[in-house]
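What follows is a short report on a single structure.
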Amino acid sequence: MIKKRSPILLHILAASFVVAFLINLAGILQTVESWNWLLAADFFPHPVYVVFKNAFLALTNLAAAVLLWARLRFAPVYSQVLAGLTFAWFWVDRLLLTRNPLPFKEHTFAFFTSLLLLAFVLLSAWLLEPFMRGQMDIEDNDDDDGVQNEQIDA
């Protein structure tokens with residue numbers, strides 16, 4: 001059996017999840033470091049929420065990167081779900097939880113940028129599905145007529 005090389009898109013997508021992990025980790029450290037200042041300034045939402053949100057997103061992003069590099073069959077779907085969840089959570093935070101007084105037209109650049117990143121992750125993960133381990137094993141066992149061969153170990 002010939003081992004297929006993983007595409008560069010797999011490494012780019014996994015590296016972007018590692019970058020997101022590092023950003024969220026830095027957010028945790030920054031929140032903990034300035035905890036007293038945030039409480040004194042009556043920061044909303046509470047710093048506990050910020051630490052929880054960043055910890056959750058950091059761990060899920062790290063898991064996405066590891067799953068992609070391990071090339072598990074469900075990694076692309078997990079990446080797509082995580083991207084959608086992150087997109088939704090970002091906009092709920094930005095518009096509702098932070099009580100941002102800006103009109104929506106001032107958010108258009110951030111909206112289109114985040115929409116572009118979401119589309120990149122969704123499309124990249126969809127394109128990577130055939131290169132995952134389970135998918136490659138199924139494709140290697142298919143005949144030209146689509147019927148799976150039974151492999152007999154000697």
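Computed over heavy atoms, backbone and side chain alike; hydrogens, waters and symmetry mates excluded.
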Gap between atom CZ of F43 and atom CH2 of W37 - 0.5 Å precision: 15.5 Å
Just how far is it from atom CG of L118 to atom CD of Q80, taken to the nearest 0.5 Å? 9.5 Å
Taking the inter-plane angle between the rings of F87 and F111 on a 0 to 90° scale, is it parallel (under 30°), tilted (30 to 60°) or perpendicular (over 60°)? tilted
Shortest non-hydrogen separation from S124 to L9 and the atoms involved: OG-CD1, 3.6 Å
What is the minimum heavy-atom distance between P45 and Y49, and which atoms define it? CG-CD2, 3.3 Å
Would you find a donor on one side and an acceptor on the other, under 3.5 Å apart, between the side chain of R133 and the backbone of A70? yes
Can you name the nearest heavy-atom pair linking F21 to A58, along with the distance? CD1-O, 3.1 Å
S79 and A125: which non-hydrogen atoms are nearest, and at how many Å? CB-CB, 4.4 Å
Shortest non-hydrogen contact between N61 and L82, atoms and distance: OD1-CD2, 3.4 Å
Do side-chain atoms of R73 reach the backbone of M132 as a donor and acceptor pair under 3.5 angstrom? no
Gap between atom CG of L29 and atom CD of E33 - 0.5 Å precision: 8.0 Å
Does any N or O in the side chain of T108 come within less than 3.5 Å of the main-chain N or O of K105, such that one atom is a donor and the other an acceptor? yes
Note: P7 and L128 closest approach over all heavy atoms is CG-CD2, 3.5 Å
Main-chain N/O of L13 paired to S16 side chain as donor or acceptor, under 3.5 Å: yes
Quick one: pull up CG in L122 and CH2 in W126 and give me the separation to the nearest 0.5 Å. 12.0 Å
Would you find more than 12 non-hydrogen atoms of other residues, nucleotides or ligands less than 6.0 Å from W89 atom CH2? yes
